Novice: 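Provided herewith is a single structure, encoded as structure tokens, for subsequent inquiry.
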4 protein chains.
Amino acid sequence: MKTKRSRIKTDSKLSGITARPGRPRSTTSHTAILAAALKLLRKKGYRSVTIEGIAAEAGVGKQTIYRWWPSKAAVVLEAFARYTTGRITMPDTGNVRGDLEAFLVQAFDMLTRESGQLVRSLMSEALLDDEFAVSMRDIFIASRRSALREILNNGVERGEVASDADIELTIDLIYGPMWYRLLNNHAPLDLKFAEQLSEMIAGFMGRPD
Amino acid sequence: MKTKRSRIKTDSKLSGITARPGRPRSTTSHTAILAAALKLLRKKGYRSVTIEGIAAEAGVGKQTIYRWWPSKAAVVLEAFARYTTGRITMPDTGNVRGDLEAFLVQAFDMLTRESGQLVRSLMSEALLDDEFAVSMRDIFIASRRSALREILNNGVERGEVASDADIELTIDLIYGPMWYRLLNNHAPLDLKFAEQLSEMIAGFMGRPD
Amino acid sequence: MKTKRSRIKTDSKLSGITARPGRPRSTTSHTAILAAALKLLRKKGYRSVTIEGIAAEAGVGKQTIYRWWPSKAAVVLEAFARYTTGRITMPDTGNVRGDLEAFLVQAFDMLTRESGQLVRSLMSEALLDDEFAVSMRDIFIASRRSALREILNNGVERGEVASDADIELTIDLIYGPMWYRLLNNHAPLDLKFAEQLSEMIAGFMGRPD
Amino acid sequence: MKTKRSRIKTDSKLSGITARPGRPRSTTSHTAILAAALKLLRKKGYRSVTIEGIAAEAGVGKQTIYRWWPSKAAVVLEAFARYTTGRITMPDTGNVRGDLEAFLVQAFDMLTRESGQLVRSLMSEALLDDEFAVSMRDIFIASRRSALREILNNGVERGEVASDADIELTIDLIYGPMWYRLLNNHAPLDLKFAEQLSEMIAGFMGRPD
DNA sequence: GACTAACCGAGACGGTACGTCCCGTCTTAAG
DNA sequence: CTTAAGACGGGACGTACCGTCTCGGTTAGTC
């Protein structure tokens, strides 16, 4: 998420610089906006959500939104980020393949049952707006990648995975098919797919010989 | 592409079905619209292209566009489909891995040098519009998948690939990473990636034992 | 009513000249158009009636309408003219005042119960289109004026009215208030008004001294 | 003229009613719109004037027009009302007939030389739109009627006119013929007609016997 | 306790594009 | 040559939102 000033303000606590003068940002409005965004998303879908609609639903002036977010996509992204924070739990089955499968099952489940359409909407926006794409990569994609990275690195430490394996490539080989199915909807993100993917990756990585 | 009525026009003499009454569709306008769409796309990018703009550029009434296409995305998709028709050439190197690599090099090259942004735009639309997503799958995705399918089936015939291999899954494993990089732009679609993908797939499929 | 060719054709029967070659004008379509126009007028009001709507309702091509009438107003005017033909009956009470009152009662009644809104619509068009105004004057206004003229001239012959009375002015003094109320709708076209008008006119004309 | 909300804004200090929130209506735009409407009317005639054209000419968004007026006719009516405000001057010749003649000469002159076509256009609209007709009656017709009413009432006070005369009917008898000629254009609104009308009315009213 | 600054709601503003309606013209095949 | 059908270029409609602006009013810290 990008705001015009928020970082400055966030720093003030740490740096001991006193708060800027004037009325401080209303947390009530802030949360009301995010809640409204989420609600409207569910009810009408991303395309039909408008800044004007969010403002009305939140009982807030449009300017208050524009002051803190650059676009509708940014609001939605923050709302979604808040919503999913802490939802990723790291599995610990003892081996890479098990961890991977558990992780994918969890991810597929969430995308299938809850946030799939929302993630699609956000990606849709990212495809047309480079600045937003950066935000999305920073906030959303990066954290998912690093979760996988951790799983794979654990495998390296355990000796299951060759130490010179190309981790980043491997992550692409895992998330790639997942996104492909998510976006194209031509085949399900189900248990079987999680197994197949995990098996493939295990085969790909597991040959240090 | 979706039109309101089938353009199938069987031989009236034989079938007894007479041609539709009324002035026939203008091929001049049809091509002018597609040309205008392509031109504006290059000049201004998908988001800035409007139906109104295409109509003006093509010297055509807006209604003429709305009569034959349901949305801006549909026009662009048809324009793009025409543009790329016949551009996919099937490689013949004698083995699956070689064919695959050659095919991917070709595909990556085109996406990187020419049509990447356009494909991203179309996918963006497909993510928000299910009806359009179907069109896109039918016109664009399907033909790419069947190209890969042919390559893999050739491998089965040659005995390089196990006869019980899951071809559709394999296609996902190839196109998935390609799309993932295309959409997220976090790593290049380069020669090296083509090699890596081909190797991985060869490894994945090539063990009938 | 103005048509581009109808008079030529009308003459051909009389002059013995054989009909023009080609398919003759369809009387079926002609009457269907007028009927459709009248039907739509009643259902939706003049403003909402369109050439396209009439054509559809009549099961006729638009061109067929444009070939024979210059505008929607012309179609409506002809439909209305047909509808009212022969509806004006001349009263004969023996004196000007009685004739006038009877005539006005009849006219007011028709405008109030049936054709008021339609006449208003036609006048509306005439106010913006000079060519149509001429048609309307020829077809509609003129016949009403000559009816009154006859009544007044009968009075002159009987000696009730001064022979040098300004008949045309008098007609204006009668129809003026009638139209004024019809258009402004601020007061009714009722029996009392017919009496008052007749009395006023009798007073105005009846003093040859 | 009809606006969506009353612009009555009583003194907030006294009444305790605070001003409406939000950015106040722009007087600049308001006047620019009326000026543009008048200008376009003169240049192109009522039928060719469009809301879009007025907006462009005034340098204003279309919505700004739609926010405050329900139709093109309403804009034009307000523009015209402003334009004619204070143009009616009451004559004082000492007797009803003189006053009437002077008043009519003035009115005929204005309609003939300046505003005739505009008034016809407005009436055209009023004939098809009841809501607008009410506006027009309130703003335009009513003020003209009350001018005449004053002249006639003066006559009653002076004893020239019978005290039980039907003033409203008399007004119809005067304005009726005027409108009739204005609308049908079959005879001029000239000096002679003003005399004839005045004479007729004087005869009609001036018999207290 | 006044002053100042930034916030807030409300909503009007100039704009752009939408998708629709209908205009009057045209181009077919059929009669 | 007319007809029904219906596509065509075009113009305007009235609406939805955009992102900006301008009000009155609120809520803090600073003088």
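All chains are named by letter (A, B, ...) in the order of the sequence lines, taking the proteins before the strands, and each is independently numbered beginning at 1. In this text, all values refer to a predicted model and were calculated from it rather than measured experimentally.
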Novice: Go through the structure and list residues passing salt bridge (charged side-chain N to carboxylate O under 4.0 Å, His left out) with C:Lys72, not counting sequence neighbours.
Specialist: none
Novice: Mind checking what makes side-chain contact (heavy atoms from CB on, under 4.5 Å) contact with B:Ala32, not counting sequence neighbours?
Specialist: B:Ala58
Novice: Please tabulate the protein-to-nucleotide N/O contacts below 3.5 Å involving nucleotides 2-4 of chain E, giving atom names and distances.
Specialist:
none

Novice: The side chain of A:Arg67 lies closest to which of these nucleotides: F:dA4, E:dC7, E:dC13?
Specialist: E:dC7
Novice: Please enumerate all residues that pass side-chain contact (heavy atoms from CB on, under 4.5 Å) together with A:Ser26, with sequence neighbours excluded.
Specialist: A:Thr28, A:Ser29
Novice: The helix from E:dG1-F:dC31 to E:dG31-F:dC1: angle between its terminal axes, five pairs each, to 10°?
Specialist: 10°
Novice: By a strict heavy-atom criterion of less than 4.0 Å, which residues belonging to residues 42-54 of chain A are in contact with DNA chain F?
Specialist: A:Thr50, A:Ile51, A:Glu52
Novice: Return the set of residues passing salt bridge (charged side-chain N to carboxylate O under 4.0 Å, His left out) with B:Arg23 (not counting sequence neighbours), or none when no residue passes.
Specialist: none
Novice: Please list, chain by chain and in numerical order, all residues satisfying ring pair (Phe, Tyr, Trp, His ring centres under 6.0 Å) with B:Phe80, sequence neighbours excluded.
Specialist: B:Phe140
Novice: Donor-acceptor pairs are to be reported for all side-chain atoms of residues 34-46 of chain C against protein atoms at under 3.5 Å, with residues two or more places apart or in another chain.
Specialist:
| from | atom 1 | to | atom 2 | distance (Å) |
| --- | --- | --- | --- | --- |
| C:Lys39 | NZ | C:Glu57 | OE2 | 2.9 |
| C:Tyr46 | OH | C:Glu125 | OE1 | 2.8 |

Novice: Could you tell me how far apart C:Tyr66 (OH) and F:dT3 (P) are, to the nearest whole angstrom?
Specialist: 16 Å
Novice: Once side-chain hydrogen bond (donor to acceptor under 3.5 Å, both in side chains) is applied, do any residues pair with A:Ser124, and if so which ones, sequence neighbours excluded?
Specialist: B:Ser124
Novice: Under the side-chain hydrogen bond (donor to acceptor under 3.5 Å, both in side chains) rule, collect the residues that match up with B:Gln63, sequence neighbours excluded.
Specialist: none
